[in-house]
Structure formats: structure tokens, C-alpha cells
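Down below is the structure, laid out as C-alpha cells.
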Amino acid sequence: MANLIKRVITSANAPKPVGPYSQAVQIGQTLYVSGCLGLDKDTMKLVSGGAANEAKKAIENLEAILIAGDSSLNNVIKTTVLLEDINDFSSVNEIYKSFFKEPYPARVCYQVGKLPLGAKIEIEVVALSGPLETKQ
């Protein structure tokens with residue numbers, strides 16, 4: 001039996017981690033992407049405009065990390081969405097469905113007490129690396 005390899009995935013096209021964690025870690029073909037905030041990678045500041053704008057930027061950041069791991073938004077199998085305020089659920093969903101297409105990944109969404117840097121949203125994903133065929 002061959003040993004599995006743990007590969008750390010890093011993208012210069014996404015913000016650096018704001019704590020002691022990797023942008024993503026890959027084991028086999030499974031890619032675990034850490035929670036992404038709506039940070040501008042150059043300023044390391046949250047984008048303005050509320051939860052929807054932060055969601056858009058967070059997903060763009062996720063996408064950059066996925067690409068670095070030979071993956072894409074189409075290869076995402078599960079997302080976890082953390083919201084500062086569950087009342088932003090609707091506006092975040094509009095942004096979410098502009099990036100993720102049917103069949104949508106499995107997902108869970110929670111309201112949480114507080115997010116890093118005062119963010120309104122954080123999104124993490126599990127994806128597969130390499131070619132993937134989708135069947136319904």
C-alpha cells in the first residue's frame with residue numbers, strides 16, 4: 001500500500017492566511033481549503049459593501065486557491081458558509097449561485113458569534129483535484 005502524500009497548496013493570487021494555517025491541504029485527490037474571507041490580497045483589508053461583496057471576494061479567493069490545487073469551483077463537493085448575521089443569507093445566496101452552478105455542492109450555513117478581522121462571512125470548501133465527471 002502506497003503512502004498518502006500531504007501537499008500544502010498556496011496561491012499568490014489569494015490573501016495570505018491571517019493565522020497559523022495553510023491556504024489549503026491536499027491528501028490524495030481531496031483538497032481541503034481553509035476558510036476564506038473577503039480580503040483584498042494586496043491590502044489584506046476586507047472589501048467594503050457588506051456581506052454580499054465580502055462573499056464575492058471570498059469566493060474569488062477560494063477559486064484562486066482551487067486553481068493552485070489543480071481544481072476549480074466545479075470540483076467543489078462541500079461548502080461551509082459562516083455568517084456574522086443569518087439575515088445576510090439571501091444576499092449571499094445570490095452571489096453564491098452566480099459562482100456555483102447546478103448541481104450545487106453540498107452545503108451548510110451557520111450564523112456565528114464573530115469572525116476573524118470583523119468579517120461578515122467566511123467560506124471553506126472541500127474539493128477534488130484533477131478531472132471530475134459529474135452525473136446526476
| Is Lys120 salt-bridged to Glu84, going by a charged N under 4.0 Å from an acidic O? |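 Looking at Glu84 together with Lys120, the answer is yes, because their closest N to O distance falls below 4.0 Å.
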Donor-acceptor pair, [X] side chain versus [Y] backbone, under 3.5 Å?
X: Glu54; Y: Lys56; answer: no
X: Lys101; Y: Ser98; answer: yes
X: Thr80; Y: Val108; answer: no
X: Gln23; Y: Pro15; answer: yes
X: Ser129; Y: Gln29; answer: no
X: Ser72; Y: Asn74; answer: yes
X: Glu122; Y: Val81; answer: no
X: Asn61; Y: Leu37; answer: yes

Under 4.5 Å between side-chain heavy atoms, counting indirect links through other Ile/Leu/Val/Met/Phe/Trp/Tyr residues: same cluster for [X] and [Y] or not?
X: Ile65; Y: Ile27; answer: no
X: Tyr104; Y: Ile95; answer: yes
X: Val33; Y: Ile77; answer: no
X: Ile9; Y: Leu62; answer: yes
X: Ile59; Y: Leu82; answer: no

Of the non-hydrogen atoms in [X] and [Y], which two are nearest, and what is the gap between them?
X: Lys57; Y: Asp40; result: CE-CA, 4.1 Å
X: Ile123; Y: Ala55; result: CD1-O, 4.4 Å
X: Ser11; Y: Ala68; result: CB-CB, 3.9 Å
X: Met44; Y: Val18; result: CE-CG1, 3.9 Å
X: Ala14; Y: Ala64; result: CB-CB, 4.2 Å
X: Ser34; Y: Ser22; result: OG-O, 2.6 Å

| message | Please report the interatomic distance CZ(Arg107) to NZ(Lys78), rounded to the nearest 0.5 Å. | response |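 Reported value, rounded in 0.5 Å steps: 10.5 Å.
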| From CG (Leu66) to CG (Leu128), nearest 0.5 Å |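 Result: 10.5 Å between the selected atoms.
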| message | Can you confirm whether Lys45 is buried at NZ, in the sense that more than 12 heavy atoms of other residues, nucleotides or ligands lie under 6.0 Å from that atom? | response |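 Open.
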| In this structure, are over 12 heavy atoms from other groups packed under 6.0 Å from Tyr110 atom OH? |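 Not buried by this count: 12 neighbours or fewer within 6.0 Å.
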| task | Indicate yes or no: at least one non-hydrogen side-chain atom of Thr30 is less than 4.5 angstrom from one of Val126. | result |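 Side chain of Thr30 against side chain of Val126, heavy atoms only: contact under 4.5 Å found.
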| Is there side-chain contact between Ser48 and Asn53, with at least one heavy-atom pair below 4.5 Å? |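 Not in contact.
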| task | Take Ile121 and Val92 through the side chain to side chain contact (heavy atoms under 4.5 Å, CB included) test and state the conclusion after the steps. | result | CA-CA 9 Å; Ile121 185 168; Val92 167; 3.5 Å; yes
| message | Can you see whether Tyr96 engages Thr79 through a side-chain donor-acceptor pair at a distance of less than 3.5 angstrom? | response |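 Tyr96 vs Thr79: donor-acceptor pair found between side chains.
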| request: Please step through side chain to side chain contact (heavy atoms under 4.5 Å, CB included) for the pair Phe99 and Glu60, ending with a clear verdict. | output: CA-CA 9 Å; Phe99 284 92; Glu60 289 170 352; 4.0 Å; yes
